[in-house]
Peer 1: 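A single structure is presented below for examination.
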Amino acid sequence: MNTDIARIAQALDQAARRAEALPQFSTQSPFSLEDAYRIQRTSMQRRYDDGERSIGIKLGFTSRAKMIQMGVDSLIWGWLTDAMLEEDGGLVDLSRYIHPRAEPEVCFLTRRDIDRPLTLLEAVDYLEAVAPALEIIDSRYQAFTFSLEDVVADNCSSSGLTIGPWSRDFSGLANAGVVMRQDGRVVQTGSTAAILGHPLRSLVQASRLLQQSERVLPAGSLVMAGAATAAVALCPGSHISVEIQGLGDSSFSTRA
Ligand code: OOG
Ligand code: MG
């Protein structure tokens, strides 16, 4: 059976704009992972047509903690746009989200076009800087429940992000401590080693995925490496922060 790419893309786009959850599509009629990426591309094109600008990519399910939390077992990727940027240290209005969660991230800024598969040794040459970051994920599916195909179609739940101070020191990335706090209380701890063994491996994976889809990531793009720990549900009137050893922190508050 043919998957209705345009119809699903439109429904997901509309759900994001209206902050309204949808039933999963794959349970009604299953579709392939290839079609899921076609849906993702079509729904992102709707946003670009409306004036949103691509600022980079994100990887998902690069840590065991995330795979276990969401019940999936493969790495995925999606696109970030300027409309998703929230101010570091700022106030986030939750009304544009459905059931947002926050997770700690390592964010890279590229300094060269990524136009071919990179090795781990080459990866750092393609980077301008690295920063601690928080990602706000917000599945467009009811109860935050999805198959791998559903979440890919939904641009990997991408919704918001804050980015902390940029650093050019990549030396401690292999195994830096990660602490996420909610109102000062520690809610998640981990290490950047949880991200594919080394967050630079996310850049290597990204370069392969880009090549497979015949795309070039321009210099000056963001690459979010994927959360090192499980995500935490957001509620109004709270303060969320992440601290990554050697990199500093990123934070935001949610409007009461
Ligand atoms: C999908 C997004 C996964 C990550 O860092 O692993 C992701 C989700 O969990 O809803 O962003
Ligand atoms: Mg993430």
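As the structure is a prediction and not an experimental result, all values here were calculated from the model. Note that ligands are numbered from 1 as they come in the structure, with each ligand's atoms numbered from 1 the same way.
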Peer 1: Indicate yes or no: does Asp249 engage Arg181 in a salt bridge with an N to O separation below 4.0 Å.
Peer 2: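 Answer for the salt bridge query: no.
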Peer 1: With distance as the sole criterion, is a donor-acceptor pair present between the side chains of Arg140 and Ser159 under 3.5 Å?
Peer 2: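 Indeed, the side chains of Arg140 and Ser159 share at least one donor-acceptor pair under 3.5 Å.
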Peer 1: Is Arg112 paired with Glu122 through a side-chain N to carboxylate O contact shorter than 4.0 Å?
Peer 2: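 Not counted as a salt bridge, because no side-chain N and carboxylate O are separated by less than 4.0 Å.
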Peer 1: So, Asp169 and Ser171: side-chain donor and acceptor under 3.5 Å apart, yes or no?
Peer 2: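 There is such a pair (donor and acceptor under 3.5 Å, judged by atom type) between the side chains of Asp169 and Ser171.
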Peer 1: Checking Asp183 against Ser238: is there a side-chain donor and acceptor pair closer than 3.5 Å?
Peer 2: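 No.
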Peer 1: Check whether Trp77 forms a cation-pi arrangement with Arg215 (NZ or CZ under 6.0 Å from the six-membered ring centre, at most 45° off the ring normal).
Peer 2: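 That pair does not qualify as a cation-pi contact.
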Peer 1: So, Asp13 and Ser43: side-chain donor and acceptor under 3.5 Å apart, yes or no?
Peer 2: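 Note: Asp13 and Ser43 side chains miss the donor-acceptor criterion.
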Peer 1: Suppose you place the vertex at the Mg ion (ligand 2); what is the angle out to Glu135 OE1 and Glu103 OE2, to 10°?
Peer 2: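 About 100°, to the nearest ten degrees.
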Peer 1: Given a heavy-atom cut-off of 4.0 Å, could you list the residues near ligand 1 in chain and number order?
Peer 2: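 Ligand 1 pocket, heavy atoms under 4.0 Å: Lys58, Leu59, Gly60, Phe61, Lys66, Met70, Glu103, Glu105, Glu135, Ile137, Phe144, Phe146, Val151, Cys156, Ser157, Gly226, Ala227.
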Peer 1: For Glu105, what is the atom name of its N, O or S atom nearest to the Mg ion (ligand 2)?
Peer 2: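 The closest N, O or S atom of Glu105 to the Mg ion (ligand 2) is OE2.
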